[in-house]
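Shown next, in C-alpha cells, is the structure this report addresses.
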Amino acid sequence: QVQLVESGGGLVQTGDSLRLSCAASGLTFSMYAMGWFRQAPGKEREFLSTISLSGGGTFYADSVKGRFTISRDNAKNTVYLQMNSLKPEDTAVYYCAAARYTSTKATAYGYWGQGTQVTVSS
C-alpha cells in the first residue's frame, strides 16, 4: 500500500555529485516529514537529513552538512537528496523514510524505501 522508491544511485568518483530521488505513494505525502539515512556494510544505519512537511525546516548530520541538500516537491510526492563533493566514506545504501515528525532517529520513521546503492571510488 505505502511505497517509497529510491532512485539515482550509482558509481561515481571522489568529488562528484549525485541527486537521489524518493517517490512516495499510498500516503498523504504532505503530512509526513521525510528523512534520508544510509547504511554501509558492517555499520549501523546512519541519519543524514530530514525535512519538515512543507519543506520549510531542514536538519543535517554533521558528516554531510554543507555537502548534502534535502528538498521536497509535494506536488510530485518526491523527496530529493543532492549530494556534492562525494567521498569514498559516503559509499553505502541510501534509504528514504517517512515519519509524522522530523527526527534524527530511525525509530521515528514508519515507512522505508528499498534503498539505492551509492559507490564512491577513490
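It should be emphasised that the depicted structure is a prediction, and the values quoted were computed from it without experimental measurement.
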Cation-pi check, Arg100 onto Tyr109 ring (under 6.0 Å, within 45° of axis): no

Please answer whether the main-chain N or O of Ser85 pairs with a side-chain N or O of Arg67 as donor and acceptor at a distance below 3.5 Å. yes

Measure the shortest side-chain to side-chain distance between Phe59 and Thr102 over non-hydrogen atoms and say whether it is less than 4.5 angstrom. no

Once you round to the nearest 0.5 Å, how far does CE of Met83 lie from CD1 of Ile70? 12.0 Å

Within the structure provided, determine whether Ser30 and Leu53 are in side-chain contact (heavy-atom separation under 4.5 Å). no

Can you check whether Ser25's main-chain N or O pairs, donor with acceptor, with Gln3's side chain at less than 3.5 Å? no

Regarding Ser17 and Asn84, do their side chains bring together a donor and an acceptor under 3.5 Å, going by distance alone? yes

When you check the gap from the basic side-chain N to the acidic O, do Lys87 and Asp90 get nearer than 4.0 Å? no

Atom of Ala40, atom of Ala92 and distance for their closest heavy-atom approach: N-CB, 3.9 Å

Looking only at side chains, do Thr104 and Tyr60 share a donor and an acceptor under 3.5 Å apart? no

Do Glu89 and Thr91 pair up side chain to side chain, a donor and an acceptor below 3.5 Å, judged on atom types alone? no

Leu20 versus Glu6: any side-chain heavy-atom pair under 4.5 Å? no

Answer whether the closest heavy-atom distance between the side chains of Glu46 and Ser63 falls below 4.5 Å. yes

Taking the side chain as every heavy atom from C-beta outward, state whether Leu48 and Tyr94 have any atom pair closer than 4.5 Å. yes

Between Trp112 and Phe37, is the ring centre distance below 6.0 Å? yes

Would Arg38 count as a cation-pi partner of Tyr95, with NZ or CZ less than 6.0 Å from the six-membered ring centre and within 45° of the ring normal? no

